[in-house]
Protein chains: 2
Amino acid sequence: MERGDLLSAACPSREVLKHMTSRWGVLVLLALEGGTLRFSALRRRIGGVSERMLAKTLHWLEGDGLVERIAHEVVPPHVEYRLTPLGREGAARVRALADWIEQSLPEIAQNW
Amino acid sequence: MERGDLLSAACPSREVLKHMTSRWGVLVLLALEGGTLRFSALRRRIGGVSERMLAKTLHWLEGDGLVERIAHEVVPPHVEYRLTPLGREGAARVRALADWIEQSLPEIAQNW
DNA sequence: CGGGATCCTGCAGGATACTG
DNA sequence: CAGTATCCTGCAGGATCCCG
């Protein structure tokens, strides 16, 4: 498998990009950068996510090997999510973008 | 105006994030990193964009002060788009993410 | 507690035609 | 050439209920 080329319509990288930059994908990566979190904690941490979309987003990222799901077989269920090594790398890039936006917000907002 | 906090539901940074990480927003920023481009050139450069979405995306990014529109008053119209200094900063972060995805694609795709 | 199943809505995004 | 106007579709995303 060779390197991707996002500017080409058919590039599979676009799928990964879609997951990582999806509305909640970004925020999940940011939230998990702080360490392992349970589903409910993750939900509380990220303002505004619905259960359904959080689950979906976690599935996408898990499918890309960026997030790892660890289920403890107990009742009531106890499930944790954490970044894989690959996920940590990706999250760092997302973090850089997020930080820049948050910091540049004052300057950006002047145009509004 | 203070710094943003993306994890909070009400943070205005989420708007900017939405524009920059929108399906075509990312690719416009990447494409314009190479230099000024005309509308049609931009469209050709980015595989799969419709005219309508390219126009919309450019409006969003222009509204955030990341892209500058330069219209030459001639017939036929001649309009160019380029990154503002702020846009160049943002594009660099997006580029870092994009590069990482393109390069990590092989490793990511192993999970498929 | 951690979801899956279901139903619903809005808007991103697309196709096409038209114009200054 | 660089769009706008119009109409249409699909899917992200939301609300709710339910179950092991």
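To find a chain, count down the sequence lines: A is the first, B the second, and so on, and within it residues start at 1.
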Note to self: For a 4.5 angstrom cut-off between non-hydrogen side-chain atoms, does B:Arg3 reach A:Leu105?
What the structure shows: no
Margin query: Counting only side-chain heavy atoms from C-beta out, which of C:dG3, D:dA12, D:dG13 sits nearest to A:Tyr81?
Written below: C:dG3
Check: Should A:Trp24 be listed as having a side-chain N or O under 4.0 Å from OP1 or OP2 of D:dG14?
Finding: yes
Check: Heavy-atom distance under 4.5 Å between the side chains of B:Val79 and B:Phe39, does that happen here?
Finding: no
Check: Can you tell me how far P of D:dC1 sits from CZ of B:Arg69, to the nearest Å?
Finding: 16 Å
Margin query: Whether the side chain of B:Arg23 and the base of C:dG13 hold a donor-acceptor pair under 3.5 Å is what I'd like checked.
Written below: no
Next item on the list: Would you classify A:Gly48 as touching base, sugar-phosphate or nothing, given that sugar-phosphate means primed atoms plus P, OP1 and OP2, and contacts are heavy atoms under 4.0 Å?
Entry: sugar-phosphate
Note to self: Considering every strand and a 4.0 Å limit on heavy-atom distances, what is the contact class for A:His59: base, sugar-phosphate, or nothing?
What the structure shows: sugar-phosphate
Note to self: Counting the atoms with a prime plus P, OP1 and OP2 as sugar-phosphate, which does A:His72 contact under 4.0 Å by heavy atoms, base, sugar-phosphate, or nothing?
What the structure shows: nothing
Notebook entry, point to check: Given atom CG of A:Leu17 and atom P of D:dA12, what is their separation to the nearest angstrom?
Noted result: 14 Å
Checklist line | Given C:dA5, D:dA2, C:dG14, the nucleotide with the shortest approach to the side chain of A:Arg52 | finding: C:dA5
Next item on the list: Take the protein atom CE of B:Met53 and the nucleotide atom C1' of D:dA2, then report the distance between them rounded to whole Å.
Entry: 17 Å
Notebook entry, point to check: How close or far is atom P of C:dG13 from atom CG of B:Leu54, stated in whole angstroms?
Noted result: 12 Å
